[in-house]
Amino acid sequence: MNREPPPESSAQKLGRRESELRAARRANLAALRRLGYDPFAVTRFDVSAHAAELSARYAGLAADADPPQERYALAGRLMAIRKMGKKAIWSDLWDRSGRLQLYVREDVLGAQAFAAFDAVDVGDIVGVGGTVFRSQKGELTLRVFSFEVLAKALAPLPDKWQGLVDVEKRYRRRYLDLIVNEEVRRTFVLRSRILAELRRFCDERGFLECETPTLLHLAGGALARPFRTHHNALDIELDLRIATELNLKRLIVGGLERVYEIGRIFRNEGIDRTHNPEFTMLELYAAYWSVNEMMEFNEELFAHLVSLVGKGEQLEFGGRLLSFKRPFKRIAYFEALQRFGGLERSRLLDPAGAAEVLTELGLPPSQTHGQALDKIFERVAEPHLVDPTFVYDYPVVISPLAKRKAGDPDVVDRYELFGANVELSNAFTELNDPDDQRARFEAQALERTSGDTEVPPPDWDFVAALEYGMPPTAGIGIGVDRLVMLLTDQHSIQDVLLFPLQRPPSHQTHSD
RNA sequence: GCGCCUUUAGCUCAAUGGUAGAGCAUCGGACUUUUAAUCCGCUGGUUCUGGGUUCGAGUCCCAGAGGGCGCACCA
């Protein structure tokens, strides 16, 4: 496999400067060991407090007040060291909660331990014990009475002031990005909280989190090219899933009634600011709901998330303020195209008419009627959808798994939620008529044989499941990464994925 | 896949075709309340890779690699 060589074996590849920086750190490691502080021999450290906790607890502590006597133990990475003469050192310790300044004095710590602290480098991980006081410049500080080195950083860290800016290095060595760029850490902490909140919100409403397989004999439920893989023992080809839809609906047939999955989806497509080959999707299905109940659920969920991370009911994104005040705007699909593009529904419903519109808009011809409608909508309507807006009554031709609207067979009970000009969720009343489902799969099979490689082969087993009866059900899909982008004001999917897919690094020419 | 931009010290960035530099970090020195600590001093380079043009290439040309942006693709 393509792996970087171990750093030490590639020493001769380092610039002379970097090897000197590393040598200096190794010299300090040796000094620490001589003094009886072997960093890599330590197996644990009792942490009794975190930086942010202490800052909050002693926010009212005055500089001239008698400092409290309580001893606290903290552990973290030293991100700055300011030496004042030979007998005092100021340092910044970062733990997962934030930063706390340390004040280390020889007369407090003792000669031996102070000598050891003198051999510590920026980036080293230490455990310290001491009492808090407020410095003359007004900063809460830990007076260090004891300390241990818990790990040595043998490699030099990026510049503390400029940080790590090189985007490629940030993605390839995310750990450095997280060490040095606080806002990056904040984004991922927030992502974790959003994920937890999604689960809590669904669990609270009686939804069961289910795990369906990622390895499938046949990837369906969406239009996308799957990744292929091979299982050795069974000697069969497998697909990585492109959606969780069909299996979750099998669970609805099975009577679980309310299910969801927050799952990794794989699509063998290009990479850009809004696409990564693997991404996270929330799919949720509720028996006995129509798309209208789902819309309410959706609205409540998004308003809730915005209330957690935004400014009240508003969310700042890209310098614009989006209002998530309920109710969100609503507009029918064809009404949007009429309003924003002056396009007639009857013309768009006709494949030839849609193809004409495509040409009039200066867009390249599309293979299918459905694709043409998607392109037209994207060009004509999406630029107007800034505040969250439910677009409902989608045409049946682009909705193979949705139930037709009563009294209007050309459209289905489906909506998409748009915000900041992108699709945020997609929901519909699920098709549960096995005969209709079979017919739509057959139509898709024709598209597939006529060359559309993204149409999945029909999943007849799914039709068989529907024949046992699936209750009326509404389903929703939410692209979690794009939701996190929206909520954290990030504009590239790579900035909400810890390890976005990158090409293999260029300088790994060795193959051993 | 196509186009544009980009790659120089550990990090962030300079350098008309003419001796590769700065800040931070490192290293040495001064300083027991500093916080981008400050002050003094010394270092540090396969200019992404491979070719070519030229008396001379970080700079120009060709090919390749990585990255970014745009287009195409993308339920």
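Every chain is numbered from 1 and lettered A, B, ... according to where its sequence line falls, protein lines coming before strand lines.
Side-chain N/O atoms of A:E168 and base N/O atoms of B:U7 include no donor-acceptor pair closer than 3.5 Å.
Classified by interplanar angle (parallel below 30°, tilted 30° to 60°, perpendicular above 60°), the ring pair A:W90/A:Y103 is parallel.
When distances are taken from the side chain of A:E269 to each of B:U34, B:A75, B:C74, the shortest belongs to B:C74. Between B:A75, B:C11, B:G70, one nucleotide has an atom nearer to the side chain of A:R267 than all others, and that is B:A75. If you check B:A75, B:C11, B:G68 against the side chain of A:Q494, the one that comes closest is B:G68.
A:G163 comes within 4.0 angstrom of the backbone, heavy atoms only, and of no base. Counting any heavy atom pair closer than 4.0 Å across all strands shown, A:E416 reaches no nucleic acid atom. Counting non-hydrogen atoms under 4.0 angstrom, A:D166 reaches the backbone sugars and phosphates but no base. When heavy atoms are screened at a 4.0 angstrom cut-off, A:R170 is found touching no nucleic acid atom at all.
Tested against A:F390 for a ring pair (Phe, Tyr, Trp, His ring centres under 6.0 Å), the candidates A:Y333, A:F418, A:Y415, A:F302 yield a single pass: A:Y415.
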- Let me have a per-nucleotide readout for nucleotides 25-32 of chain B, 5' to 3', with B, S or -, counting only protein heavy atoms under 4.0 Å. BB---SBB
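Aromatic ring centroids of A:F147 and A:F117 lie under 6.0 Å apart.
Counting only residues at least two apart or in different chains, salt bridge (charged side-chain N to carboxylate O under 4.0 Å, His left out) contacts with residues 90-103 of chain A comprise A:R82-A:D92, A:D92-A:R99, A:R99-A:E139.
Distance check, rounded to the nearest 0.5 Å: CD of A:Q69 to CZ of A:R71 gives 9.5 Å.
You'll find the side chain of A:L100 reaches within 4.5 Å of the side chain of A:L140, heavy atoms only.
The residue among A:A80 and A:S135 whose nearest nucleotide of RNA chain B is located toward the 5' end is A:S135.
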